[in-house]
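Just so we're on the same page: letters track the sequence lines, and every chain starts at 1. Computed from a predicted structure; not experimentally measured.
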Protein chains: 2
Amino acid sequence: MSLRHALLGLLSERPASGYDLLKRFETSLANAWPATQSQMYTELSKLADNGLISVSTQGPRGRKEYALTDEGLAELRHWLTEIKPQRHTRSDILLRVFFLNVITPDQARSYLTELMELSEQEHEALRRLADSIDWGDDPLSVNGKIALEYGLRFNTMRRKWAAWAADQIR
Amino acid sequence: MSLRHALLGLLSERPASGYDLLKRFETSLANAWPATQSQMYTELSKLADNGLISVSTQGPRGRKEYALTDEGLAELRHWLTEIKPQRHTRSDILLRVFFLNVITPDQARSYLTELMELSEQEHEALRRLADSIDWGDDPLSVNGKIALEYGLRFNTMRRKWAAWAADQIR
DNA sequence: TTTCGACATGTCAAAACAGGAACGTCAGCA
DNA sequence: TGCTGACGTTCCTGTTTTGACATGTCGAAA
């Protein structure tokens, strides 16, 4: 249900086509809310039907640029301020931990070691991403930095936890 | 897709009915993989159809106790060792952060403050849960402790991050 | 001029997810 | 005896998500 708000949010920056949004997703929101191409086009149609966005420009190749309407902005603000965030937290990574006793201690340790490496890699990827962006003082950069910092801290936490956990398994 | 494995995992401990599994979910796996009642019964039927579990006992009130079959155990082990975990990480909490510039700084700070409180509450809830369980040295307890420790560390990380983030917003 | 990669959208079927209504049973207790 | 609360399953409706397939356009380079 949040995909709709993710799209509204991206469009609040500037008008964009489905294709544009797809690209921007990959480099920013994908970490918070993965979505596929088909989902996005479907959702854009629905949003347009409901009057939360509207086609602002038609370009070549059937390109349709959408812009946020007043109702769309109102809905976005409403979501940001009124709707209580709810933890979804589906994590197949954590889920496996509950059943590590089903495999051998060696296999379990190996799983946790891989998690350490995964966390390290993701941390590294985020660090590189941060380096590749020239941050300004604009509000958008502040948001981006905050979200990115979350990723960094999360991966650090997970790496240390996995190391600790591997040590718990005798 | 992991719900199936969550059920296999729970059944690897001991046979149980849908109702039992529902209860056990609430007190353990719900943090890693929330699922509703209808989903679970549907999945149990499918697992039985596929021969990964089987009805071991019929009890009163139409109670059907399922037990893991050899194929089920094999599938569980396969999932634990061969299938690469993939980060899903859908988080409407993090998603909102990208769009905090759409609302006023006061509102944004207020959002982050609420996150701090939420993290604190969840941390506290987990701590209480930990106290309420009498941990043994058995493998299951080890797993449970590891998963719980993850929750504690995660909430601590998130609380500190939210505090830091609130401070970033001028 | 052909070809190729990036641009750009749309449709479909299947699975997963959510929430609840509907139905019935059993044990204990007032 | 009748009530209540816990036990226990099934079905239904609707939305969300996934992944694949289908279709076509444009610009640039070979």
Side-chain angles (χ1 to χ4, degrees), chain A residues 1-8 10-11 15-27 29-50 52-66 79 83-84 86-92 95, chain B residues 1-8 10-11 15-27 29-30 32-50 52-66 79 83 86-92 95:
Chain A
M1 203 44 175
S2 289
L3 173 60
R4 100 186 291 101
H5 297 109
L7 292 174
L8 292 176
L10 283 180
L11 288 174
S17 69
Y19 192 83
D20 293 340
L21 294 168
L22 210 51
K23 288 301 152 71
R24 284 215 264 156
F25 244 76
E26 281 166 17
T27 55
L29 301 191
N31 290 313
W33 203 274
T36 59
Q37 172 254 36
S38 58
Q39 231 185 317
M40 287 186 40
Y41 281 112
T42 306
E43 194 61 42
L44 283 172
S45 296
K46 277 197 227 165
L47 285 169
D49 285 349
N50 296 343
L52 299 180
I53 62 178
S54 65
V55 176
S56 60
T57 318
Q58 304 252 7
R61 281 171 277 206
R63 175 191 171 89
K64 278 186 283 189
E65 208 171 72
Y66 290 102
W79 174 69
I83 310 295
K84 286 273 165 259
Q86 52 204 39
R87 56 203 181 313
H88 230 50
T89 349
R90 276 212 170 76
S91 164
D92 67 330
L95 183 58
Chain B
M1 202 47 175
S2 287
L3 174 58
R4 102 186 288 98
H5 297 109
L7 292 174
L8 291 177
L10 283 180
L11 287 174
S17 69
Y19 192 83
D20 294 338
L21 294 168
L22 211 52
K23 288 299 151 71
R24 282 215 264 159
F25 243 76
E26 281 166 18
T27 54
L29 301 191
W33 204 275
T36 59
Q37 172 253 38
S38 58
Q39 239 184 308
M40 287 186 39
Y41 279 110
T42 306
E43 195 60 43
L44 282 172
S45 296
K46 277 197 227 165
L47 285 169
D49 285 349
N50 297 343
L52 300 180
I53 62 178
S54 65
V55 177
S56 60
T57 318
Q58 305 253 8
R61 281 170 279 205
R63 174 189 173 92
K64 278 186 283 191
E65 209 171 71
Y66 290 101
W79 174 69
I83 311 294
Q86 53 205 37
R87 55 206 182 312
H88 230 50
T89 350
R90 275 213 171 76
S91 165
D92 68 328
L95 184 58

What I'd like to find out is whether the side chain of [X] reaches to under 4.5 Å of the side chain of [Y], using heavy atoms alone.
X: L47(A); Y: L11(A); answer: no
X: E26(A); Y: L21(A); answer: no
X: P34(B); Y: F25(B); answer: no
X: P15(A); Y: E65(A); answer: yes

Got a list of protein N/O to nucleotides 22-27 of chain D N/O distances below 3.5 Å?
none

Spacing of [X] atom [atom1] relative to [N] atom [atom2], expressed in whole Å:
X: Q58(B); N: dT9(D); atom1: CD; atom2: C1'; value: 12 Å
X: E43(A); N: dG10(C); atom1: CD; atom2: P; value: 14 Å
X: D49(A); N: dT15(D); atom1: CG; atom2: P; value: 14 Å
X: L3(B); N: dT18(D); atom1: CG; atom2: P; value: 16 Å
X: L22(B); N: dA6(D); atom1: CG; atom2: C1'; value: 13 Å
X: D92(B); N: dT17(D); atom1: CG; atom2: C1'; value: 16 Å
X: M40(B); N: dT10(D); atom1: CE; atom2: P; value: 13 Å
X: N50(A); N: dT15(D); atom1: CG; atom2: P; value: 11 Å

Check this one for me: any side-chain N or O of [X] less than 4.0 Å away from OP1 or OP2 of [N]?
X: K46(A); N: dT15(D); answer: no
X: R4(A); N: dT17(D); answer: no
X: Q39(B); N: dC17(C); answer: yes
X: K64(B); N: dC7(D); answer: no
X: Y19(B); N: dC7(D); answer: yes

Rounded at 0.5 Å granularity, tell me how far NZ in K46(A) sits from CG in L7(A).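 So the NZ of K46(A) and the CG of L7(A) are separated by 11.0 Å.
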Could you tell me the separation between the NZ atom of K64(B) and the OH atom of Y41(B), rounded to the nearest 0.5 Å?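 If we round to the nearest 0.5 Å, K64(B):NZ and Y41(B):OH are 9.5 Å apart.
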Can a donor-acceptor pair under 3.5 Å be found between the side-chain atoms of T36(A) and the base atoms of dG19(D)?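 Check fails, no donor-acceptor contact within cut-off.
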Given the structure, check if the side chain of S38(A) and the base of dG19(D) hold any donor-acceptor pair shorter than 3.5 Å.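 For S38(A), whose side chain was compared with the base of dG19(D), there is a donor-acceptor pair (under 3.5 Å).
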In chain order, what residues pass the salt bridge (Lys or Arg N to Asp or Glu O under 4.0 Å) check against R24(B), with sequence neighbours excluded?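 E13(B).
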